[in-house]
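One structure is given here, and the rest of the page talks about it.
Sequence lines set the chain letters: A, B, ... in the order given, protein chains first and strands last, and positions in each chain run from 1. Keep in mind that what you see is a predicted model, and the values were worked out from it rather than measured.
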Number of protein chains: 2
Amino acid sequence: MDAMNDTPRDERAIREYAEGFASNLVAAGMARMPARVFAALLVTDGGSLTAAELAETLQASPAAISGAVRYLTQVDMIRRDREPGSRRDVFRLYDDIWDSLLRRRDAILRMWAANLREGAAIVGAGSPAGKRMSDSAEYFEFVHRELPGVLDAWARHKEDRAKKGLDAAQ
Amino acid sequence: MDAMNDTPRDERAIREYAEGFASNLVAAGMARMPARVFAALLVTDGGSLTAAELAETLQASPAAISGAVRYLTQVDMIRRDREPGSRRDVFRLYDDIWDSLLRRRDAILRMWAANLREGAAIVGAGSPAGKRMSDSAEYFEFVHRELPGVLDAWARHKEDRAKKGLDAAQ
DNA sequence: GCCAACTTTCACAAAATTGTGAATCAAGCG
DNA sequence: CGCTTGATTCACAATTTTGTGAAAGTTGGC
């Protein structure tokens, strides 16, 4: 239970990792700059970064940062905060990033379901395509219903983990 | 329980819907042509389309189709079949599209988890960023474990639905 | 109310993506 | 075997996307 805090950050390696992480996000469909911003926030010890700091670490213009954070804010992947008595925004990941992300994405599932129902009506409810599409809709509705349960299970799981072994090396 | 089969397909409306559906996929991060191909297959009564038919309905070149189906095949969103005694490929969605898609995506979850663990090591396991990243990894591992249960529940749910009310006009 | 510190917007240039046509390749069938 | 149908690859052109610099907007604080 020692020798874990004070290892100095290898900024070079970290930056490289972050860029790779961003590339994975890009491969998953995200635009590049938002992906880089997200990755930068992920690997930051302070937990938050200002627009200027993002521009500095990513070697990008304020304009590019502005666009990226606007997008990330819209899709609820980051929070924009402003400390009272300052006029610079600071950006941070949500606590329990992925969990809160999924929770917010909930609406998207419903959207797809509704969209597919609409499509089923258009192709004809009784047709093979209609059948396929309402099955699809039902699938989305199903996972929409199941999701909260899984997320709650995660919350419990996390709590358990926190109780035993507060140190949690490895 | 009548008047549902023989409504003629309004091809114009269907095509329009399919293009809209494709646009949604694009918004979700998919490249345009694969999205259009997927949508076209989704709304097809026959359940399958040849490359030539895809080119025709989408007004796209064989080359574009070839690229799109290669991609879709790779990410396991469609199947490519060839009937014996023919040399043209026919493409179709999997049965229970989204379910099989999720099952195949399973590996991706593990990939992200592993990637995040690696990152946690790089930034330092004891650091705030390291904590954030191994928490993230754990989250992915968790849903990776939970997923099969949910998918099985879906299978049961679907079976139930099939048993009662085979017609399902609701 | 004005100044300064930040952020956003806009027009544009650079760069990456996409789809095309033409050529090449593969394979069933006579 | 060669012919014919169909799929794939390649170089290229067109479109779209991205990021930049500069100008304009906001908003705290004096």
What's the [atom1]-[atom2] distance between [X] and [N], to the nearest Å?
X: A:Y71; N: C:dT9; atom1: OH; atom2: P; value: 17 Å
X: A:D81; N: C:dC6; atom1: CG; atom2: P; value: 17 Å
X: B:E83; N: D:dG6; atom1: CD; atom2: C1'; value: 14 Å
X: A:D89; N: D:dG28; atom1: CG; atom2: C1'; value: 13 Å
X: B:L54; N: D:dG6; atom1: CG; atom2: C1'; value: 14 Å
X: B:R36; N: C:dG19; atom1: CZ; atom2: C1'; value: 11 Å

Let me see the working for B:F140 and A:W154 under ring-ring contact (aromatic ring centres under 6.0 Å, His included), right down to the final yes or no.
CA-CA 10 Å; B:F140 281 99; A:W154 163 249; 9.7 Å; no
Is it the case that over 12 heavy atoms from other parts of the model lie below 6.0 angstrom from the CZ atom of A:R104?
yes
Could you check whether any side-chain heavy atom of A:T50 comes within less than 4.5 Å of a side-chain heavy atom of A:D89, counting everything from C-beta outward?
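When only atoms from C-beta onward are counted, A:D89 and A:T50 do not touch, as no gap falls below 4.5 Å.
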Between B:W98 and A:W112, what is the ring plane arrangement, given parallel below 30°, perpendicular above 60°, and tilted in between?
tilted
Among the nucleotides [options], which one has an atom lying closest to any side-chain atom of [X]?
X: B:R88; options: C:dT20, C:dT9, D:dG6; answer: D:dG6
X: A:S61; options: C:dT8, D:dT20, D:dT8; answer: D:dT20
X: A:A64; options: D:dG19, C:dT7, C:dT20; answer: D:dG19
X: B:R87; options: C:dC29, D:dT20, C:dG19; answer: C:dC29

Mind running salt bridge (Lys or Arg N to Asp or Glu O under 4.0 Å) on A:R145 and A:E141 for me, showing each step along the way?
CA-CA 6 Å; A:R145 282 196 304 275; A:E141 285 154 5; 5.1 Å; no
Give B:G85 one of three labels, base, sugar-phosphate or nothing, depending on what nucleic acid heavy atoms sit under 4.0 Å from its own.
sugar-phosphate
B:A63 near the nucleic acid: base, sugar-phosphate alone, or nothing, with a heavy-atom cut-off under 4.0 Å?
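Touches a base.
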In plain terms, say whether B:D96 and A:K131 are close enough for a salt bridge, that is, a side-chain N and a carboxylate O under 4.0 Å apart.
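Salt bridge flag = no for A:K131 with B:D96.
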Report the distance from atom CG of A:L58 to atom OG of A:S61, rounding to the nearest 0.5 Å.
10.5 Å
For DNA chain D, which residues in residues 19-33 of chain B have a heavy atom at a distance below 4.0 Å?
none
Taking only N and O in the side chain of B:R80, is any of them less than 4.0 Å away from OP1 or OP2 of D:dG6?
no
Side-chain N or O of A:R82 versus OP1/OP2 of C:dT7: is the shortest distance under 4.0 Å?
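The answer is no; no side-chain N or O of A:R82 sits under 4.0 Å from OP1 or OP2.
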Considering heavy-atom distances to DNA chain D, does A:Q59 or A:S86 have its closest nucleotide positioned more toward the 5' end?
A:Q59
Tell me which of B:R70 and A:P34 sits closer to the 5' end of DNA chain D, going by the nucleotide each one is nearest to.
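It is B:R70 whose nearest nucleotide is closer to the 5' end.
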